[in-house]
Amino acid sequence: MSDTPSLAPLQPVVILVRPQMGENIGAAARAMLNFGLTEMRLVAPRDGWPNPRAVAMASGAAGQVLDRARVFPTLAEAMEDIHHAYATTARGRELTKTVHTPASAMAEARQIAAGGRRVALIFGPERAGLENDDVARASAVVTVPVNPDFPSLNLAQAVLLLGYEWAREALPSQPAPPGRRPPGERPATRLEIERLADHWEERLEAARFFFPPDKAASMRLALRNLWSRMPLMRADVQILHGVVRQLTWKSRDD
């Protein structure tokens, strides 16, 4: 059994309404797959479907997202099996709707999906966004709190923000799980630090650093304490071994 947590039992459907550029569809697919979302629906894409520019931009997401994308003539048809939908828009509306941030919307969406109901995230065309008729079909509105003097987000950015908020509780707490880090980026073990301390003490002893004799013991203790409290990575230990080795070789040459 895998130790990787599941992002959700029932993931949201991402619906792109009248998308205009294949590149933006492809970028949106990449943003989706970053956070485990794979179900895309397209409503009346301007340049038809399939779109080779979308595939080129999607890169590795083409097979898992674009190849499975479904096309619908209207938003209503794309939403036939949807129980709760969020319309993304930066503009004020005269329609009465609950307005969420991405974080609050996706917290609610996780609860809805956990109950076995389908959730959709609706994004409008690049030039003007969703129309009122589109927003009217949604259960709630999502607005990103950005600079009011420049509130526009491109399509992939908006998808990325909601995808991140959807998946954030299942994402690793660290940027990269320890098991996936290169060996040099892993914390040094206690034994590796002890060997480093021994190496430095040996070379400093040879260089007559521990002087005068009556202070030598306290100096060794202070150095040992220094090494033990430093949060060293394996790569750090290797560098510090090399530093003291090179310094002592240099002193011999002199």
Side-chain angles (χ1 to χ4, degrees), residues 7-8 10-82 85-91 93 101-102 105-106 109 113 118-138 141-147 149-168 170-171 175:
L7 292 182
L10 194 61
Q11 65 173 240
V13 176
V14 173
I15 302 178
L16 308 185
V17 179
R18 299 180 298 278
Q20 297 169 320
M21 297 178 63
E23 293 87 345
N24 289 334
I25 299 173
R30 291 181 68 168
M32 288 172 59
L33 195 56
N34 283 150
F35 300 106
L37 304 179
T38 58
E39 187 167 353
M40 174 184 282
R41 299 181 186 181
L42 305 173
V43 176
R46 184 190 66 182
D47 297 334
W49 194 257
N51 187 315
R53 292 183 176 180
V55 173
M57 180 61 75
S59 187
Q64 297 186 63
V65 180
L66 295 186
D67 288 352
R68 304 175 183 178
R70 299 166 60 194
V71 181
F72 297 84
T74 67
L75 178 58
E77 290 170 279
M79 293 177 63
E80 282 185 353
D81 61 340
I82 300 300
Y86 298 90
T88 59
T89 177
R91 294 182 287 137
R93 305 284 180 173
T101 64
M106 295 303 94
R118 299 233 68 184
V119 172
L121 314 178
I122 306 173
F123 301 87
E126 299 91 317
R127 186 180 298 272
L130 294 170
E131 297 178 357
N132 281 342
D133 286 348
D134 304 318
V135 177
R137 298 185 182 281
V141 165
V142 180
T143 298
V144 180
V146 294
N147 178 4
D149 295 327
F150 192 70
S152 177
L153 295 174
N154 69 36
L155 178 58
Q157 288 173 329
V159 173
L160 187 75
L161 279 171
L162 267 69
Y164 171 76
E165 293 295 347
W166 164 261
R168 66 182 303 176
L171 295 173

J.: Over all heavy atoms of both residues, which pair between Ala138 and Ile122 is shortest? Give the atoms and the distance, please.
T.: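 Nearest heavy atoms, Ala138 then Ile122: CB-CD1, 4.5 Å.
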
J.: Quick one: closest heavy-atom pair of Gly124 and Leu130, and the distance?
T.: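 The answer is CA-CD2, 3.3 Å.
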
J.: Measure the CE-CE distance between Met32 and Met40 for me, rounded to the nearest 0.5 Å.
T.: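 One gets 5.0 Å once the value is rounded to the nearest 0.5 Å.
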
J.: If every non-hydrogen atom of Phe35 is compared with every non-hydrogen atom of Gly163, which pair is closest and at what distance?
T.: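 Looks like CB-O, 3.4 Å.
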
J.: Do any pairs count as a salt bridge (charged side-chain N to carboxylate O under 4.0 Å, His left out) and have a residue in residues 45-54, sequence neighbours left out, and if so which ones?
T.: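 Applying salt bridge (charged side-chain N to carboxylate O under 4.0 Å, His left out) to every pair that reaches into residues 45-54, excluding sequence neighbours, yields Glu23-Arg53.
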
J.: To the nearest 0.5 Å, how far apart are CE in Met21 and CG in Asn154?
T.: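 The CG atom of Asn154 is 10.5 Å from CE of Met21, to the nearest 0.5 Å.
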
J.: Nearest 0.5 angstrom please: Leu160 CG to Glu165 CD, how far?
T.: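 If we round to the nearest 0.5 Å, Leu160:CG and Glu165:CD are 10.5 Å apart.
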
J.: Check for a donor-acceptor pair, side chain of Thr88 on one end and backbone N or O of Val142 on the other, with a separation under 3.5 Å.
T.: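 No, Thr88 side chain to Val142 backbone: no donor-acceptor pair under 3.5 Å.
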
J.: Checking Ala27 now: which residues fulfil side chain to side chain contact (heavy atoms under 4.5 Å, CB included) with it, not counting sequence neighbours?
T.: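 Once residues adjacent in sequence are excluded, the partners of Ala27 under the side chain to side chain contact (heavy atoms under 4.5 Å, CB included) criterion are Met57, Ala156.
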
J.: Mind listing the closest non-hydrogen atom pair of Met79 and Ala85 along with its distance?
T.: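 Closest heavy-atom pair between Met79 and Ala85: CE-CB, 3.6 Å.
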
J.: Atom OH of Tyr86 and atom CG of Leu162: how far apart are they, to the nearest 0.5 Å?
T.: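 Separation between the atoms: 9.5 Å.
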
J.: Got Trp166 and Val119 here, is their nearest side-chain heavy-atom distance under 4.5 Å?
T.: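 Contact flag for Trp166/Val119 side chains = no.
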
J.: Hey, could you give me each pair passing side-chain hydrogen bond (donor to acceptor under 3.5 Å, both in side chains) that has a residue in residues 118-129? Not counting sequence neighbours.
T.: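 Listed once each, the pairs are Asn24-Glu126, Glu39-Arg118.
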
J.: Which pair of heavy atoms, one from Leu33 and one from Gly60, lies closest together, and at what distance?
T.: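 Result for this residue pair: CD2-O, 4.1 Å.
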
J.: Counting C-beta onward and ignoring hydrogens, is there a side-chain heavy-atom pair between Gln157 and Val146 closer than 4.5 Å?
T.: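 No, every pair of side-chain atoms sits at 4.5 Å or beyond.
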
J.: Taking only residues two or more places apart in sequence, or in another chain, which ones meet Arg18 in a side chain to side chain donor-acceptor pair (under 3.5 Å)?
T.: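 By the side chain to side chain donor-acceptor pair (under 3.5 Å) rule, Arg18 matches Asp134.
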
J.: Could you go through residues 61-78 and list every donor-acceptor pair under 3.5 Å that involves a side-chain atom there, pairing it with any protein atom two or more places apart or in another chain?
T.:
{"unit_1": "Thr74", "atom_1": "OG1", "unit_2": "Glu77", "atom_2": "N", "d": "3.2"}
{"unit_1": "Thr74", "atom_1": "OG1", "unit_2": "Glu77", "atom_2": "OE1", "d": "2.8"}

J.: Got a second to check how far Leu121's CG is from Met106's CE, nearest 0.5 Å?
T.: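 Going from CG on Leu121 over to CE on Met106, the span is 4.5 Å.
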
J.: Looking only at heavy atoms, what is the nearest atom pair of Ala28 and Val159, with distance?
T.: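 Looks like O-CG1, 3.7 Å.
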
J.: Taking side chain to side chain contact (heavy atoms under 4.5 Å, CB included) as the test, write out the residues that go with Asn147, two or more places apart.
T.: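 By the side chain to side chain contact (heavy atoms under 4.5 Å, CB included) rule, Asn147 matches Asp149, Phe150.
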
